[in-house]
Structures are given as structure tokens and as C-alpha cells.
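Written below as C-alpha cells is the structure these notes are about.
Note that the coordinates shown come from a computational prediction; the quantities given were computed from them, not determined experimentally.
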Amino acid sequence: MQRHVIAPSRFFSQVPNDLIRHPRLSANAVRLLLWQLSLPDGADEPLSRTAQRAGIGKVAFQQAKRQLRAEHYLFEWRRQGERGRWITVQLIANTPLTAEEARAALAPPAGTPPAPGAPADRPAAPQPREDPGSNTSHPTAAAATSGAVPAAPREAEAEALLLSLGRAAPFLAMAPRKARRWAPFAVRWLGLGMTADEVRSTLISGLESARSPLGALRWRLEHALPRPSEPVGTAPAPSPRVTRMRECAGTHVQPRLFLPDEDERLCADCRSGPAETPRAGGGLAAFRAARAADTARGCGQRGPEPEGGSGFARVRAEAERM
């Protein structure tokens with residue numbers, strides 16, 4: 001089998017081959033041990049947390065612990081703390097140790113008073129070659145204090161607005177730290193010319209039924225910014241078409257409206273030809289005259305009959321001759 005290996009330049013750990021090829025340690029035990037050895041100095045992570053991060057189950061975790069204790073890679077002690085609570089102290093080694101070597105390598109737990117005796121000499125730490133203030137991304141405490149500027153009045157107003165949402169709608173109550181972090185988004189809303197009450201009502205509207213009201217509020221602050229309203233009077237409102245129409249001066253059964261091109265007084269039909277005049281005696285007048293004649297004949301007042309008599313009289317005369 002051929003192998004291709006590139007030596008890592010960072011984020012690597014030196015592990016003995018005897019540990020990787022150990023015949024009596026399972027894969028879970030080796031992985032658990034290597035994970036603990038790869039943690040940075042000062043990390044205080046229990047084995048149970050490492051097993052959760054590595055995806056090792058409870059039964060496999062207990063079996064791996066037994067194997068590490070049997071091969072002297074893991075040591076555990078039960079101690080009583082200052083307040084009487086019992087704690088478990090664990091020690092992991094990359095080589096097998098005896099019980100005496102493990103106790104000697106164990107660092108004193110946090111909060112343990114130092115042993116009495118004369119103070120030991122501590123070697124002085126080397127001074128940096130360059131000024132840390134000019135070669136770091138984090139400013140010094142004095143520089144941070146002197147360069148701190150108070151919050152802008154607009155951001156303070158936006159923060160107060162966000163905190164007031166919890167009083168108007170309890171489901172939008174938030175911590176002051178969160179309101180301070182979201183204040184820049186609320187500043188954009190206040191910059192639209194809206195009053196605080198208008199912004200508050202717009203932000204609260206419809207969030208009472210949201211699954212996560214604060215999450216919906218955060219999205220609305222950032223992505224649902226309304227468009228700025230145009231100032232009143234910038235553009236005249238267009239006049240409706242009916243206001244520009246006029247009534248035709250010609251003869252029509254009903255008034256007719258038309259849209260003039262310039263200053264016309266007649267509609268297009270009247271300008272193109274003479275309008276038809278209704279016939280005299282037709283329509284309603286003729287209907288009323290016919291009804292009055294029938295009523296007079298029914299009451300015995302015979303009016304002038306047309307030539308040849310009425311149709312009913314002719315039918316009666318023919319019946320008598322027969």
C-alpha cells in the first residue's frame with residue numbers, strides 16, 4: 001500500500017504510535033483519549049462531554065473508560081470541595097503511569113490554598129520586542145477608555161423605542177443589551193420621518209400570532225423597512241376625466257356629456273349632421289289619446305268613428321243578417 005502524507009503546519013497533536021496501535025484499546029477508547037490529548041492547555045472538559053461531542057454512546061463510553069483505567073491511561077479520584085460537595089478529578093496521560101506518578105502529576109484543584117513555605121523564585125518573563133499597543137488588534141484599556149464615545153442621541157431614542165415595545169406588547173419584551181444591539185436597525189426606521197408611535201404600531205402589528213415574536217421583529221427591523229413617503233404637494237393630483245367633460249347644447253332625449261377637444265359646444269354626432277326630431281303625436285301623447293277614446297266609447301259617449309265603423313259593429317251586423 002502506498003501512502004501520501006503531508007506534515008501539518010498547525011492544529012496537530014503528537015501522539016505515540018504505541019497508543020494508536022494498542023492491541024487492548026478499542027477504537028472508542030483511542031478516540032476518546034486522542035480527543036482529550038488534543039485539547040488546548042487549561043481546558044477543563046470532562047470525559048462525558050468529550051464522548052457526547054465524539055458521538056460515543058453511554059454503553060460504549062463506560063466500556064472505553066474501563067479499558068483506559070485498566071491500561072493506566074486514565075485516573076480518577078473523588079474529593080470533597082470547600083462547601084462539602086463531592087467532585088470527581090480526572091487525569092489523562094499519553095503514556096501509562098503508576099498510581100504514584102499520577103498523583104505527582106496531578107495539579108492542585110482550583111481554590112486550594114498554597115502549601116506553607118518560603119516563596120520560590122519565578123523567572124521573569126521576556127519583554128516583547130515591539131510595543132503591544134501598535135501590534136495588536138485589541139486596544140489597551142486606557143486607549144479603549146479614552147476613545148469611548150457616548151451613544152448617539154438617535155441610537156438612544158431607538159433603544160428606548162425598542163424597550164417600549166414590551167410595555168405595549170408583552171410578547172416583545174427584551175433585555176436592554178438586546179435593545180442596544182438592535183438599535184441601529186431601529187434608527188433606520190426613525191430616519192423615514194415616522195413618529196415613534198407610528199413605528200411602534202407598525203412593528204407590533206401582526207406579531208402576536210408569530211411563533212417567535214422576537215425573531216419576527218428582528219427580521220422586520222432589518223428587511224421590512226417601508227419605503228419613504230413622498231412629501232405632500234410635490235406633484236399635483238391628476239384630475240378625473242369626468243371633470244373635463246361638458247353637456248352637449250344640441251337636441252337629445254337625455255342630456256349627453258362629451259369630452260371636447262378645444263372649445264366645442266356640440267358633441268360629435270351633432271357636428272356631423274342634424275339630429276332627428278321626434279314625430280309629433282307619437283309616443284306617450286298618442287297612447288293617452290287612444291286610451292281616452294276607448295274610455296269614452298265604454299261609457300256610452302260615442303265619439304267620431306272612423307270610416308266604415310268600428311270592427312265590433314261590422315261583426316254584429318253580419319251576425320244579424322245570417
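- Atom CG of Leu34 is separated from atom OG1 of Thr50 by 12.0 Å, given to the nearest 0.5 angstrom.
- Residues Leu74 and Leu47 meet the side-chain proximity criterion, which asks for heavy atoms closer than 4.5 Å.
- Without hydrogens or angle criteria, Glu222 side chain to Trp219 main chain gives no donor-acceptor distance under 3.5 Å.
- Between Glu76 and Arg69 there is a salt bridge, with a side-chain nitrogen of the basic residue lying less than 4.0 Å from a carboxylate oxygen of the acidic one.
- In this structure, Arg85 places its CZ atom where only 12 or fewer heavy-atom neighbours from other residues, nucleotides or ligands lie under 6.0 Å away.
- Using a 4.0 Å cut-off between a side-chain N of Lys or Arg and a carboxylate O of Asp or Glu, Arg271 and Glu264 do not qualify as a salt bridge.
- Interatomic distance, CG of Leu33 versus OH of Tyr73, reported as 7.5 Å (0.5 Å rounding).
- No side-chain N or O of Ser26 forms a donor-acceptor pair with one of Gln63 less than 3.5 Å apart.
- We find the CH2-CZ distance between Trp86 and Arg78 to be 7.5 Å, quoted to the nearest 0.5 Å.
- The shortest side-chain heavy-atom distance between Phe185 and Arg218 falls under the 4.5 Å cut-off.
- With rounding to the nearest 0.5 Å, the separation of NZ in Lys178 from CG in Leu214 is 5.0 Å.
- We find that Asp263 and Arg246 are joined by a salt bridge, their nearest charged nitrogen and carboxylate oxygen being less than 4.0 Å apart.
- Rounding to the nearest 0.5 angstrom, the gap separating the CH2 atom in Trp35 from the CZ atom in Arg49 is 9.0 Å.
- Between Leu19 atom CG and Leu37 atom CG the span is 7.0 Å, to the nearest 0.5 Å.
- Ion pairing of Glu155 with Arg180 is absent here, as no side-chain N (NZ or NE/NH1/NH2) approaches a carboxylate O to less than 4.0 Å.
- Using bins of under 30°, 30° to 60° and over 60° for the plane-to-plane angle, the ring pair Trp77/Phe75 lands in the parallel bin.
- With Ser205 contributing its side chain and Ser201 its backbone, the two residues share no donor-acceptor pair below 3.5 Å.
- Panel note: side chain Arg200, backbone Ala168; no donor-acceptor pair is recorded below 3.5 Å.
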